[in-house]
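Note sheet for the following structure.
Being a predicted model, the structure only gives us computed values, none of them experimental.
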Amino acid sequence: MNGHWYCTDCGERIEQEAIDEHESDGHHVKGRFRPDRLLAGDPEMIGSQIDDGDGGGV
């Protein structure tokens, strides 16, 4: 999993090491995670696999 951290109070992306510092200042930190390997049903993958008409896919 890949993770990205954002401080909603500062409005910026922060490093994982800075989470505790931001939270101790009373800021709200939010994480977003994405799997290392995208699954075929993932909306980001739609259209990336083109069927060439013979049923074999790419």
Side-chain angles (χ1 to χ4, degrees):
M1 285 269 185
N2 294 321
H4 298 286
W5 299 94
Y6 299 89
C7 176
T8 58
D9 294 304
C10 295
E12 62 186 33
R13 184 173 165 179
I14 61 172
E15 297 296 324
Q16 185 173 3
E17 296 80 25
I19 293 172
D20 290 336
E21 180 182 343
H22 279 261
E23 289 182 332
S24 67
D25 289 340
H27 292 201
H28 183 257
V29 175
K30 187 179 231 181
R32 294 194 181 172
F33 299 94
R34 180 175 173 196
D36 294 331
R37 180 179 63 88
L38 296 177
L39 303 175
D42 192 327
E44 293 184 32
M45 294 295 293
I46 294 175
S48 67
Q49 297 177 348
I50 301 170
D51 187 350
D52 59 9
D54 66 359
V58 176

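Hydrophobic clustering of Ile, Leu, Val, Met, Phe, Trp and Tyr side chains at less than 4.5 Å, counting indirect connections, keeps Tyr6 apart from Phe33.
For the atom pair His4 NE2 and Gln16 CD, the distance stands at 11.5 Å (nearest 0.5 Å). Asp9 contributes atom CG, which lies 12.0 Å from atom NZ of Lys30 (distance to the nearest 0.5 angstrom).
His27 is linked by a ring-ring contact (aromatic ring centres under 6.0 Å, His included) to His22, counting only residues two or more places apart in sequence or in another chain.
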